[in-house]
Structure formats: C-alpha cells, structure tokens
Q: 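Below is one structure. I have some questions about it.
Note on naming: letters A, B, ... go to the chains in the order of the sequence lines (proteins, then strands), and numbering restarts at 1 for each one.
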4 protein chains.
Amino acid sequence: MPAAPARTFKPTPAGRRGAATAERILDAAEGLFAERGYSATTLRDVATRVGIQNPSLYNHFESKEALYAAVLERDIGPVLEALSEFLLDGSEGSGDPAQVAERVMELLARRPRLPRLVAHETLSGGDQLTRMLREWMVPVFARAHRMVEISPGAERWNPDQIPHLVLAMYHIVIGYFTIAPLYEALTGDDLLAEQALERQTRLLREIVGALFTSTEKSAG
Amino acid sequence: MPAAPARTFKPTPAGRRGAATAERILDAAEGLFAERGYSATTLRDVATRVGIQNPSLYNHFESKEALYAAVLERDIGPVLEALSEFLLDGSEGSGDPAQVAERVMELLARRPRLPRLVAHETLSGGDQLTRMLREWMVPVFARAHRMVEISPGAERWNPDQIPHLVLAMYHIVIGYFTIAPLYEALTGDDLLAEQALERQTRLLREIVGALFTSTEKSAG
Amino acid sequence: MPAAPARTFKPTPAGRRGAATAERILDAAEGLFAERGYSATTLRDVATRVGIQNPSLYNHFESKEALYAAVLERDIGPVLEALSEFLLDGSEGSGDPAQVAERVMELLARRPRLPRLVAHETLSGGDQLTRMLREWMVPVFARAHRMVEISPGAERWNPDQIPHLVLAMYHIVIGYFTIAPLYEALTGDDLLAEQALERQTRLLREIVGALFTSTEKSAG
Amino acid sequence: MPAAPARTFKPTPAGRRGAATAERILDAAEGLFAERGYSATTLRDVATRVGIQNPSLYNHFESKEALYAAVLERDIGPVLEALSEFLLDGSEGSGDPAQVAERVMELLARRPRLPRLVAHETLSGGDQLTRMLREWMVPVFARAHRMVEISPGAERWNPDQIPHLVLAMYHIVIGYFTIAPLYEALTGDDLLAEQALERQTRLLREIVGALFTSTEKSAG
DNA sequence: GATGAATGAGGATTCATTCAT
DNA sequence: AATGAATGAATCCTCATTCAT
C-alpha cells in the first residue's frame, strides 16, 4: 500500500481548503474511478478535479496504481470491515439474512460509489489489484453461504445452489447501485434518492423473506 | 481463449488470407472488449490476436469506436432481437416470467461474453455508444414491467417496486455471467459449465416461482 | 519521367466515361496539387476524385512523385514550350515586352491552375522535383533578361536591377492567378472571370508600357 | 539554420534548460513552416531542430495547429501592426506609395521568412487559419486602395484596375522574398543580401514612381 | 508540498505502396 | 485495368512518470 498519509490532523495546513490534499485526491479519484474505471481515468483528470497539477499527485501517492489501491482500501475497507464485524461478531441479527441485507443497504447507501468501484474491479478481471477484494470477499461469501445453510428455508435449496443464491443476492444489491446513473439517464428517476433506497430495501427484505423462509410455515 | 472460430480448415491458404478477416477481428475484439472493456483494450491487442498488423484493422473498420459498435451490434443485436421476438410475439410462455428467465439463460449461455460487454457498457456510462443499448433496453424493460404487473402474485408488490424487481432479475442474470471469470479464479468452479448453467437456470426458476406466484394460494 | 502512358487513343476502353483513366487521374491530381500542394494532397483524395480506388493509380503512375511529375510536365511543359517558341523563334512581337506579357496572360488564362502549381513548387524549395522547372525557367528568364536589355527604356535600369525587374513581372503575373481563390473568398470577385482577366491584361500592358519605354520624356 | 537565438550564453545550465523553450520552438517552427509549409512540416522536425523530444512540444503548444497559429501571430502580427500604424496614423509619408513601399521593404527585410509564411498561407487556401491574415489583409488592402486613388497619376487608372494594381505591388514585394531561396539555388545570388535588398528597394521606388506619378506628359 | 518542463512508451490513425486476385 | 487486403513507416498526440526548482 502506498504512502497514503491519510488521516492527517492538521486542519487545513494553510491555504488549503477543506480536507488535506491527500484526502481530496482520494475523493476525486474515487469519483472518477467509480465512473469510468481504472484505465479510462487519467491522472490529469484526477488532478484537474482536485484543482492541482498532475505531478503533485506524486507527492501523495506513488503511482496511479497506488492511488487506485488507496481508493479501494479507503472505500471498500471500512464497509467490508463493518460487514465482517456485524456478521462475524455474532451481533444481534447477524444470522438473519433479512437483517444482513438491510445492514448492507445501509452501509452502501452511505457510499453509493463503492459498488461501482467493486463492479469495475470484478469486471476488469482477476489481476493483482483484486487481491484485496479477494481477501475480503472470500470470507464474506463463505459466511453468507453458512448463513443461508442455516436459514429457515434452507431445505428448499440444493446445497450446490447455495453459492448461486448468494451470488444472486450479491448482484441484486451491487447491481442496483451500479446501474443508478444509467437508470437515471434513461428514466429520470434517481435510484439513490432516499425514497428509492427505501423501496429497494423493502424489496430486498421481501425477496429474502420469500427465499429464506420455510415455505410452509411462513405461509401458514 | 474463447471459442474464437479461428483456425478455419484451410490454414490460411496464403492469399485468401483475408477471407473472413472482418469476422475474425470481431471475434478477437469481442473477447478483449468483454474481458477488459473499451478503453483498456488496444487495437494492437486486437490485431495481434487476429494475427494481423494493426493498421490492417482499418481495412475493415473505420475506427476503434466503429469496431466496438460493430461488436456490440453483432453480439447484442441478435440476442435482444430474439428476446424481443419471444416477448412481443406473444409466443407460448412469453408472458410467464419463469419461461422468460429460462429463455434468456438459454440465449446467454450461447453467448457468454455478451453480458460482460453489456456490463462494461452500462458501467462506463451513458455516452452515445449506449444508444443501441438504450433503444433495446427500454422496450424490453417496459415489457418485463408489464409482464410482472400481470403475473400472479403481482398484488404482492407495490407498483413502484416493480421496476426494482425487474432490475433485480436483470442483475441476477447478467451478474451471473459477468462474474464467472472471477468466480473461477477464486473458487476453481466454472460457472459457465453446463451443469452450473443448469443449476442457475433451476435457481432462477425457483426464485421467479417464489416471487411471482400468488402467495396465498401457493401457501394454501 | 514515369510510365505515364498518356495520350492513349482507345476512345474510352469500355465502361470508362470520357477521357482515358490516366488523363482523368492527371486532371484530378492537377486540381488537388494546385489547391493544396504536394504534401497536403493524398493519393486517396486523387483516387476519390477520379472515382477509382487508390491502388489503381499505380496502374498508371509509378508513385506519387511520378504522378506529380507527370502533372507538372503535362501542364507546365506545353506552356513553357509555347512561350519558348514564341520567344525564341523570333515570332512577330517576341521582342516586345508588352506583347510577351499579353501572350503569357493568354496562355495562363487557359490553364489557370498552372500558376498555383508553379507557386507551390517554387515555395516548397529546390528539391529534385524542381529540376524540370529549372530547366525551363532558366532559359526563359535568360531570354526575358535579354529582352529587357534591348527594350526601349533599358537605359533607365541599372544592369543589376534587370533580374529584379524580370522577377517583378514574373510575380505580378503568377501572383495574380495564384491569389485568385483567396481573393474571391475575400471579396467575392473572381479574378479568373473574363472581364477581370482583360483588366489584368490591360494593366499589365500599361505597366510594361510605363517601365519599358524610352523615358526621354519623363527624363526630359 | 536561421537566426534562431538558440545557444544562449549559458550552454543550457542543465535544469534551467527550458528557459525560453517556447521561443526556441517558435523559431524552429517558423523556419520549417516557412520552408516547407504546414503539412510538409512534422513536429518531429521541429522538436529535433529545437533539440528536445517531440512530446515536449506539447508543454508549450496545444497542437500542431496551435503552434502554427502562434508562429503566424508572432511573425505576421507585429509587421502588419507596424504597417497599419504607419499607414493609418497618417505618419509622415504614409500617403506616399513610394515611402510605403520602402517601409514595407524595411520591415520585411528584418523578417525575411515572413513572406514565405504568408505565401504558404495564401496558397493553402482559405481555411480558418487564414482568419488572422484576412483580418489584417483586408483593411491594409483597403488602405492601399485609397492611397492609390489619391496618388498623383491616379487618373491614369481605371477605377476597377486599382485592386489589380495593389495586388501587383503586393506580389512584387512578397514574391521577391518568397523566391529568394530558389533564386539562390538557381543563380547563386542571395536576394536577401543587403545589396540585393537595396537594389530591390530602389527598383520598387522607381516602379512606384513610374506608375503613380502624374503622367500628363506621357498621356498628352 | 507544488509545479513547469521533459520524456519514454505507447495509442489511434494515415499514408504510400505492394500483391494476389 | 481494377481492387480488397495487407503493411512498414510515420504522424499527431496522450499518458504516467521524473526531476529540478
């Protein structure tokens, strides 16, 4: 991981507006990487968005790749961490798919660009960059897998379908955020608006309810 | 390397070389664009994969963008067309979500790189290139929307949830194919293997069944 | 000089409109070279203007340079030849600057693109291509030089001014045709229209009259 | 190699290298554009002549066209400005064709590459680039036009010949400088040598004298 | 910490030319 | 005689990166 001197404290070290430069670079980069992906994003774009000259980026990050890694880490890290925590610490509801879904929606709603970053990453293939993702994804998927196995309606699923089911849930969630910009361009509706997010959360709850609940009972 | 129908019988009979060059270029480009997306794909890569020199591409396509458009058209066109046909002709089962899902899986299974192309496209934003996608997506989504509205169990959903529901189904399907390479890299399992595809189809059917079926009755 | 099989006789060897292809190529090339000069003219432009495919040019001319040379030869050749003839054969009036000027105007008026070709050539420097020009220019200039020397009023000029004087006349004539397109773009007036050409001829005659006439009076 | 003020005292003190790089680029470009015209000049040639790597040009000019425009502006601007000033301020002699001619010769003698630039421009047609030229040319020509009208001897010319007359003078002047390199290649004489320039100035004065002087006698 | 200048590598594209058909 | 396909060389330009200031 790069030099990312994130979390400096100096409150705007003179002349600098708002956050420390490194942070502002991360913000700009996050936006651009999320919009266009890694290779379609140029450092000049990033610098321009920050309002600095592009060589200045190198005072904060060793390379484009390092910057990208820093963005991923900053963004994905906390979310996956929070999720892991919730899931693995056995917090209340951590075993209930519905509550997990809700929690994930909550987390992502606050970082709506993250899913696009992840999507770009997973699309662009399994290079080294994904290492981080892998490290976090694998255990989370494993946990989700177990969660499904022990959920009420588990008997409904063939064991070898469970990974597919987990993937399906994953795609519903990630895809929703990912497609938001295009959806807005097409329909004019903002999927990231609070109301829409609530609708989606409710939908998710219902889907989970329909899938992970003992059919007979839940119906009875 | 994909199914690229390269290696025609005659091992390039020295001279008739360019027989179906355009087609071979499209194949190569399809693969690369699907793997890496537009901007991460260089024309040199394409040319190399075809086994020609990169300026030769210009004998067949006017520009990188034109090549990309041609790939999209060749790939997406027929599938969406087939789908539209199926959906709009009122063919048998065209109103049944389960059968539609099945049909879509069938179509995509034969062109597994297509979903990645679409994913790259929808991710990279609403440029002009997506026009084609839009033109096809919008009516298909509209149709899906209507289909849900009249499906049994429709009363379970809030009207404004239906678009979300359609998106969810869309993402389950597209996401599955999209993540296949990464999934294989992570777990060793090939989601595009016949068995896996069958599992996914069955899963889809069950999900659809669970979601688009009158609850009371199915319960009763 | 190239293979330029100019002057074929076959009257349109089947399917071909109008002149033989080689001639049509020369026409197109003449126009483009005159407009844009050698390096700004592409063979594709030429071919397009002829209505053929650019490799076909090579059936008629060995190379771009050969084509250029052929154009120059076809265009400049006859004019300079006619001029030389007129000048050197001692035709009537061949020693009278006014009549020479008139004759030159006459010749150029019929080939108004020629001066631009010459201008491009003389501008683009003394490469090999100019050889032909040199071969023709030098004797003509020499002749003009002598003509001035023996003209009435010659005593008005310093001997070492005579080359300058010849150049001046040359530039008045060549420049007039050369600037025609720009002039038209700027003012809307077509310098190549018959009336304008007449005006210019008259002007030339008067200038020559004023410069190459015994100055006894003006001196007296 | 031209007057390029390269080789500043400090032999490029390693680091401050780029001192007046932009200026040196303009010098090099001026030379090449004047020699060969726009499209025959490659940026690599320019860079090589400057002694830098060709992408470095882009640190100083946005594109080849921008560089070209900058050259034109730097070169043509001041001269036309000086000329305009002289002509329009009613400076002493600004109404006297002979003195104007002299002044122009003076100005051009100091920037002998300028006429070639102008010639290339006027030859290569009326693209946008010529805008600057047009803007300057039109009023200057208009002024010259008026000047001729009120000069003694004006009654000798038909009103509609006056533009032709102005053009003729223009071509004598511009053509002289333009043909210098070729002339030297052909004859060995350098038209830009001081002596030659004086001869040409004198010639010009005499021509103007002969043309713009009350001709009562010659007419009578 | 910021930046102007420089650059090697590469990227899309054009061009003149060749060759087999 | 014409052309579709192919190509080496070159062109303009971009990009990530370095370095001295």
Side-chain angles (χ1 to χ4, degrees), chain A residues 5 13-16 20-22 39 41-47 50-67, chain B residues 13-19 21-22 25 39 41-47 50-67, chain C residues 5 8 10 13-16 20-22 39 41-47 50-67, chain D residues 13-19 21-22 39 41-47 50-65 67:
Chain A
R16 283 284 135 229
T21 306
S39 65
T41 298
T42 88
L43 289 188
R44 190 139 61 81
D45 292 340
V46 175
V50 176
I52 62 180
Q53 226 51 33
N54 103 48
S56 299
L57 297 174
Y58 287 84
N59 287 324
H60 303 275
F61 301 93
E62 274 182 351
S63 67
K64 188 185 179 183
E65 247 188 64
L67 172 58
Chain B
R16 179 203 139 281
R17 273 183 293 178
T21 308
I25 293 174
S39 64
T41 298
T42 91
L43 289 188
R44 194 142 59 79
D45 292 341
V46 176
V50 176
I52 62 180
Q53 225 51 33
N54 113 41
S56 299
L57 296 174
Y58 288 85
N59 287 323
H60 303 276
F61 300 93
E62 272 188 345
S63 66
K64 186 184 178 182
E65 248 189 63
L67 172 57
Chain C
T8 348
K10 309 191 198 176
R16 281 286 135 229
T21 306
S39 64
T41 298
T42 89
L43 289 188
R44 190 142 59 83
D45 292 340
V46 175
V50 176
I52 62 180
Q53 226 50 33
N54 102 50
S56 299
L57 297 173
Y58 288 85
N59 287 323
H60 303 274
F61 301 93
E62 273 182 349
S63 67
K64 187 184 180 184
E65 247 188 65
L67 172 57
Chain D
R16 177 202 139 281
R17 274 183 292 178
T21 307
S39 66
T41 297
T42 90
L43 289 187
R44 193 143 60 79
D45 292 341
V46 175
V50 176
I52 62 180
Q53 225 52 33
N54 111 43
S56 299
L57 296 173
Y58 289 85
N59 288 322
H60 304 275
F61 300 93
E62 273 187 347
S63 67
K64 188 184 177 184
E65 249 190 61
L67 173 57

Q: When rounded to the nearest 0.5 angstrom, what is the spacing between NZ in C:Lys64 and OG1 in C:Thr41?
A: 6.5 Å
Q: What is the distance, to the nearest angstrom, from the CD atom on A:Gln53 to the C1' atom on F:dA16?
A: 15 Å
Q: Between D:Thr42 and A:Ser39, which is nearer to the 5' end of DNA chain F once each is assigned its nearest nucleotide?
A: D:Thr42
Q: Under 4.0 Å from OP1 or OP2 of E:dG4: is there any side-chain N or O of D:His60 that close?
A: no
Q: Does OP1 or OP2 of F:dA2 have a side-chain N or O of C:Thr21 closer than 4.0 Å?
A: yes
Q: Nearest 0.5 Å, please: how far is OG1 in C:Thr21 from CG in C:Asn59?
A: 9.0 Å
Q: How do D:Asn54 and B:Leu43 order along DNA chain E: which one's closest nucleotide is nearer the 5' end?
A: D:Asn54
Q: Between C:Asn54 and C:Val46, is any pair of side-chain heavy atoms under 4.5 Å apart?
A: no
Q: Let me spell it out: for each of D:Tyr58 and A:Thr41, pick the nucleotide of DNA chain F with the closest heavy atom. Which residue's pick is nearer the 5' end?
A: D:Tyr58
Q: Verify the contact: side-chain N or O of D:Arg44 to OP1 or OP2 of F:dT11, cut-off strictly under 4.0 Å; return yes or no.
A: yes
Q: If you compare every side-chain N and O of D:Ser56 against the phosphate oxygens of E:dT7 (OP1, OP2), does one of them come in below 4.0 Å?
A: yes
Q: On DNA chain E, does the nearest nucleotide to D:Pro55 precede the nearest nucleotide to C:Asp45 from the 5' side, or the other way round? Give the residue.
A: D:Pro55
Q: Which value, rounded to the nearest 0.5 Å, describes the distance between D:Leu67 atom CG and D:His60 atom NE2?
A: 11.0 Å
